[in-house]
Amino acid sequence: MNDIDEVRNSLESKSLKVCVVGIGRIGLPTALSFAKAGLQTIGVDINEKLVNSINLGNFPLKDEPGYEEIFNKVKKDGNFSATTNINEAISKSDLILLSLPTPMDKKNIPNYSALETVCKQLTDILQPNSLIVVESTIEPSFLENNLISILEGTDKLHVGKNFTIGVCPENANPGEILHDFTNLPRLVGGIDEQTTKIITMIYDFVFSVELILMPDCKTANAVKLTTNVFRDVNIAFVNELSLMFEKLGIDTLKVLDAAKRKYNFQIHYPGAGVGGPCLPINSYQLLNTAVRTDSKLSIIKQSREINEKMPDHVVNLTLDALKKCNKTIKDSSILILGISYKPDVKDIQLSPAEIIINKLNALGATIKIYDPYYKGSQIFGISVEKNMEDVLPEVDASIIITAHKEFREVNPKIFTKMKTSILIDSRGIIDTSSAKVAGLVFRGLGRGI
Ligand SMILES: NC(=O)c1ccc[n+]([C@@H]2O[C@H](COP(=O)([O-])OP(=O)(O)OC[C@H]3O[C@@H](n4cnc5c(N)ncnc54)[C@H](O)[C@@H]3O)[C@@H](O)[C@H]2O)c1
């Protein structure tokens with residue numbers, strides 16, 4: 001995989017064999033895209049249940065429009081299968097994509113153990129002249145300082161000699177992966193210029209999107225983190241402003257709506273907190289890099305603190321509304337509307353909903369949950385209701401935590417079915433005048449008291 005003509009030929013003849021290690025939210029659609037381009041693709045995962053289910057023909061990502069059809073087609077064409085056997089898969093592959101999780105631990109320290117484990121495994125099984133592309137989000141220099149040392153550790157592999165490596169950090173949004181894979185520009189960085197060109201050729205063949213060639217891997221990873229941390233910091237900015245605007249009786253949404261009309265203002269919205277597998281972790285990844293390089297990233301640190309305090313504010317809004325209705329939290333039953341970390345996806349990783357539920361529980365409230373993506377499941381130790389309207393008469397208050405479509409379209413009138421008509425909107429989706437007309441005791445995050 002270091003001769004550009006050979007790679008071109010292997011793409012044109014569709015003889016390039018691909019292995020994607022980690023077939024979760026990002027890795028599975030990636031593998032399916034390679035298979036759809038006509039390349040024999042195998043997905044590897046340690047999750048046996050997932051692998052078996054995929055091989056039985058069940059597509060797991062029901063909230064990813066467009067991919068179920070692709071899944072069915074490439075399975076039918078025999079271009080895609082899954083396995084837990086990494087040895088066998090790697091021994092048949094020329095191109096290895098790593099789409100492994102990069103979470104953080106309870107102390108917010110990034111955890112790269114999945115990538116490290118797989119790279120250790122590769123030292124024994126990688127085919128000569130293979131190309132490894134790391135799609136996972138990693139800190140700048142982590143590939144150069146850590147992953148390459150692991151791969152070269154047993155002295156069988158030598159980068160640039162019998163294997164090569166690069167990055168193509170994934171930047172798709174859950175729920176919109178097909179759209180993003182076929183529209184968003186991708187960053188490419190290689191361990192040398194030739195590798196960057198080869199990765200670019202392969203990704204151009206599969207995705208046909210703009211490819212941004214970076215001078216090296218660490219710069220590509222720096223761009224990926226910069227774009228996401230930019231959002232985390234800007235959300236913190238509007239969150240902090242919204243707390244002040246609330247006290248001034250100013251509706252933050254009206255401010256943002258007008259501000260965005262200026263050409264250089266980029267809109268971000270306040271809310272109950274920033275969750276998911278990307279933004280909070282990416283900020284902590286850069287903070288980890290700052291520690292490593294004896295640098296200061298105080299704005300990111302403060303932004304994290306602000307965003308992590310937002311669940312407290314949601315609880316305070318709830319307590320305030322209950323007080324207005326002469327209710328104590330201990331005597332109250334509260335319905336949480338939405339537990340996903342973002343609208344219209346089934347994903348609760350680092351969701352602020354969990355923090356808010358724990359805080360309300362600790363204060364003695366009875367908690368009920370409704371989320372269209374988790375109907376009937378047991379989440380955070382609570383059974384998720386099957387129907388929102390049926391449970392309203394049993395609760396005193398509802399808190400909108402995720403702006404799922406179903407909640408964005410709701411008529412605020414239905415909340416008058418509650419025992420006490422308290423509605424807390426932490427996502428700015430309820431029109432304040434409609435809430436007033438309906439006679440609700442309404443608290444909107446950042447909307448003025
Ligand atoms: N989900 C997103 O929104 C998103 C967006 C852009 C980038 N990313 C990045 O992409 C990477 C993957 O994220 P994801 O959301 O797809 O994660 P995920 O948890 O959905 O999928 C990861 C998969 O890897 C598997 N796995 C874990 N350890 C393994 C091992 N040792 N061998 C084989 N398989 C193993 C898991 O079982 C899982 O199926 C992360 O670095 C993440 O930061 C995620």
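Both ligands and their constituent atoms are indexed starting at 1 by order of listing. Atoms considered below: every heavy atom in the structure, side chains included; atoms not considered: hydrogens, waters and symmetry mates.
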Atoms of ligand 1 under 4.0 Å from any heavy atom of Val118, numbered from 1 in the order shown, are 30 (C), 31 (N), 32 (N)

Considering the heavy atoms of Cys278, write down every atom of ligand 1 situated less than 4.0 Å from one of them. 2 (C), 3 (O), 4 (C), 5 (C), 6 (C), 44 (C)

Basic-acidic side-chain contact under 4.0 Å: Lys62, Glu68: yes

Nearest protein heavy atom to atom 6 (C) of ligand 1, by residue and atom, and its distance? Glu170 O, 3.3 Å

Hydrogens and angles aside, do Asn387 and Glu389 bring a side-chain donor and acceptor to less than 3.5 Å of each other? no

Just checking, is any N or O donor in the side chain of Asn162 or Asn129 under 3.5 Å from an acceptor N or O on the other one? no

Side chains of Pro29 and Leu61: closer than 4.5 Å at any heavy-atom pair? yes

Among all protein heavy atoms in this structure, tell me which lies nearest to atom 34 (N) of ligand 1, with the distance rounded to 0.1 Å. Ile46 N, 3.4 Å

Do ligand 1 and Thr137 have nitrogen or oxygen atoms that lie under 3.5 Å from each other? yes

Would you call the rings of Tyr373 and His404 parallel, tilted or perpendicular, taking 30° and 60° as the class edges? tilted

For Tyr284, run the side chain to side chain donor-acceptor pair (under 3.5 Å) check against Asp232, Asn108, Thr289 and tell me which one passes. Asn108

Would you check the N or O atoms of Lys224, main chain and side chain alike, for any that come under 3.5 Å of an N or O of ligand 1? no

Side chains of Ser33 and Tyr67: is there a donor and an acceptor less than 3.5 Å apart? yes

Number the atoms of ligand 1 from 1 as they appear, then name those within less than 4.0 Å of a heavy atom of Pro174, with their elements. 2 (C), 3 (O)

Check: Asn111/Ser113 side-chain N/O donor and acceptor closer than 3.5 Å: yes

Give the atoms of ligand 1, by number and element, whose distance to some non-hydrogen atom of Ala172 is under 4.0 Å. 5 (C), 6 (C)

Any chance you could measure Ile42, atom CD1, to Ser81, atom OG, to the nearest 0.5 Å? 4.0 Å

Give the atoms of ligand 1, by number and element, whose distance to some non-hydrogen atom of Gly24 is under 4.0 Å. 16 (O), 20 (O), 21 (O), 23 (C), 39 (O)

Considering both backbone and side-chain atoms of Arg25, is one of its nitrogen or oxygen atoms within less than 3.5 Å of a nitrogen or oxygen in ligand 1? yes

Backbone or side-chain N or O of Ile26 under 3.5 Å from ligand 1 N or O: yes

In the protein, which heavy atom is nearest to atom 22 (C) of ligand 1, and how far is it? Pro101 CD, 3.6 Å

I'd like to check which ligand 1 atoms, numbered from 1 as shown, lie under 4.0 Å from a non-hydrogen atom of Leu100. 11 (C), 12 (C), 26 (N), 28 (N), 29 (C), 30 (C), 32 (N), 33 (C), 34 (N), 35 (C), 40 (C), 41 (O)

Glu305 atom CD: more than 12 heavy-atom contacts under 6.0 Å: yes

Which ligand 1 atoms, with their elements, are less than 4.0 angstrom from a heavy-atom of Val21? 33 (C)

N/O to N/O below 3.5 Å, does that happen between Thr102 and ligand 1? yes

What protein heavy atom sits nearest atom 38 (C) of ligand 1, and how far away is it? Asp45 OD2, 3.4 Å

